[in-house]
Amino acid sequence: MRKLWDLLKNKIGTKNLICGILGICIAVGWMWSFTAWRVALVDKKTYETQQGIADEVFRFHVLANSDSEKDQRVKLKVRDAVIAYMTSEMPGTTNQMNHAVTMDHAVTMDQAEQMNPGIQKNSAQATKEWAENHLNDLILVADEVLEREGMDYQADAHVTKCCFPEKKYGDMTFPQGEYEALRITLGEAAGHNWWCVLYPNLCFLDKTCAVVSDEGKEDLKGVLTDEEYQLLTDNKELKVKWFFFGD
């Protein structure tokens, strides 16, 4: 290192060498500061866009009692029964069944809208309102499955806001953040969960969550902005754009 210093000093002079080193340090410092600033901007934009997505979607989760094979199998049977009930009873769902499960205190989307004029009939808020008015019915449906399967625990249901990690949904990626969701918990709710997007009604298009159908994508496009939709489908390209060009 000493020999290199002497060689450079003799070639370009001590003053020029020191100025060059200071210039490199300043450039590196500026680049680090610029990168940190742009990364913070991308994080801020991602958070704001996720909040916009969360305002327009309503998720559905079923949490298994445990990760045992039987509990996980029962979880999926509860999922199927609850989705069948919601397909039958929830206005606006696709592939509605011809028969209905009769509940004395069922509340339709129209009735929910009358009780709360601020909501739109086809919206995440209206779906949440419907779910809140049918929690007891959903518990009954889930408990019937548990009883039929001979399980020694019961179900519970509630609408809540939770922080969820980044999750893949078919070929889409929902960013980490807080989302409102209908959650059905089975027993200790200590097992892995199954989830889908209840509004827009992706649960009723493909309950396996293996792929988002073209119809489901059109439903999402209908409620999200272009940037919100792109964050789900091509977030790397969007984040690169934010990093270099900002808004």
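This one's a predicted model, so the numbers in the text were calculated from it and none came from an experiment.
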About how many Å separate [atom2] of [Y] and [atom1] of [X], when rounded to the nearest 0.5 Å?
| X | Y | atom1 | atom2 | answer |
| --- | --- | --- | --- | --- |
| Ile83 | Leu198 | CD1 | CG | 8.5 Å |
| Ile184 | Arg79 | CD1 | CZ | 12.0 Å |
| Thr49 | Asp226 | OG1 | CG | 11.5 Å |
| Leu63 | Arg183 | CG | CZ | 4.5 Å |
| Leu135 | Asp156 | CG | CG | 8.5 Å |
| His134 | Asp137 | NE2 | CG | 5.5 Å |

Kindly indicate whether the side chain of [X], heavy atoms from C-beta on, has any atom under 4.5 Å from the side chain of [Y].
| X | Y | value |
| --- | --- | --- |
| Asn65 | Thr185 | no |
| Lys217 | Met172 | yes |
| Val78 | Lys75 | no |

At their closest point, which heavy atom of [X] faces which heavy atom of [Y], and how far apart are they?
| X | Y | result |
| --- | --- | --- |
| Gln50 | Leu231 | N-CD2, 4.2 Å |
| Met86 | Leu138 | CG-CD2, 4.0 Å |
| Val223 | Pro200 | CG2-CG, 3.7 Å |
| Leu146 | Ala155 | CD1-N, 3.6 Å |
| Met151 | Asp71 | CE-OD1, 3.2 Å |

message: Go through it in stages, so that I can follow the logic: the residues are Trp195 and Phe174, the test is ring pair (Phe, Tyr, Trp, His ring centres under 6.0 Å), and I'd like the CA-CA distance, side-chain angles, deciding distance and then a yes or no.
response: CA-CA 12 Å; Trp195 77 284; Phe174 280 75; 5.8 Å; yes
(message) Do Ile139 and Val74 sit in one hydrophobic cluster, given that two such residues count as connected whenever their side-chain heavy atoms are within less than 4.5 Å of each other, even indirectly?
(response)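 They do not share one cluster, since no chain of ILVMFWY contacts under 4.5 Å joins Ile139 to Val74.
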Is Val82 reachable from Tyr153 through a run of hydrophobic residues whose side-chain heavy atoms are each under 4.5 Å from the next?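 Yes; Val82 is reachable from Tyr153 via cluster members.
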Other residues, nucleotides and ligands only: do more than 12 of their heavy atoms fall within 6.0 Å of [atom1] on [X]?
| X | atom1 | answer |
| --- | --- | --- |
| Glu188 | CD | no |
| His158 | NE2 | yes |
| Glu132 | CD | yes |

Worksheet item: Asp219 and Tyr199: side chain to side chain contact (heavy atoms under 4.5 Å, CB included), yes or no, with the steps?
Response: CA-CA 9 Å; Asp219 288 342; Tyr199 182 86; over 6 Å; no
| said: Quick one: does any side-chain atom of Asp67 pair with a main-chain N or O of His192 as donor and acceptor, under 3.5 Å? | reply: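 Flag set: sc Asp67 to bb His192 pair under 3.5 Å.
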*Ignoring hydrogens and angles, tell me if any N or O in the side chain of Gln230 forms a donor-acceptor pair with the backbone of Glu227 under 3.5 Å.*
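A pair under 3.5 Å: no.
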Step through it carefully: locate the ring centre of Phe58, locate the ring centre of Trp130, and say whether they are under 6.0 Å apart.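 Between Trp130 and Phe58, which both carry aromatic rings, the centre distance is not below 6.0 Å.
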Original post:
When you look at Leu224 and Leu232, which way does the side chain to side chain contact (heavy atoms under 4.5 Å, CB included) test go after all the steps?
Top reply: CA-CA 10 Å; Leu224 301 178; Leu232 298 181; 3.6 Å; yes
Return the set of residues passing ring-ring contact (aromatic ring centres under 6.0 Å, His included) with Phe164 (not counting sequence neighbours), or none when no residue passes.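 Testing Phe164 for ring-ring contact (aromatic ring centres under 6.0 Å, His included), a comparison that skips the adjacent residues, returns His61.
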**Study point:** Counterpart residues, ring-ring contact (aromatic ring centres under 6.0 Å, His included), relative to Phe60 (two or more places apart)
**Key:**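 Phe60 satisfies ring-ring contact (aromatic ring centres under 6.0 Å, His included) with Trp194 only.
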How far apart are the C-alpha atoms of Arg59 and Lys167, what are their side-chain angles, what is the distance that settles it, and do they pass the side chain to side chain contact (heavy atoms under 4.5 Å, CB included) test? CA-CA 12 Å; Arg59 294 167 66 148; Lys167 298 284 282 186; 3.9 Å; yes
Do Lys161 and Glu180 meet the salt-bridge criterion of a basic N to acidic O distance under 4.0 Å?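 Looking at Glu180 and Lys161, the cut-off is not met.
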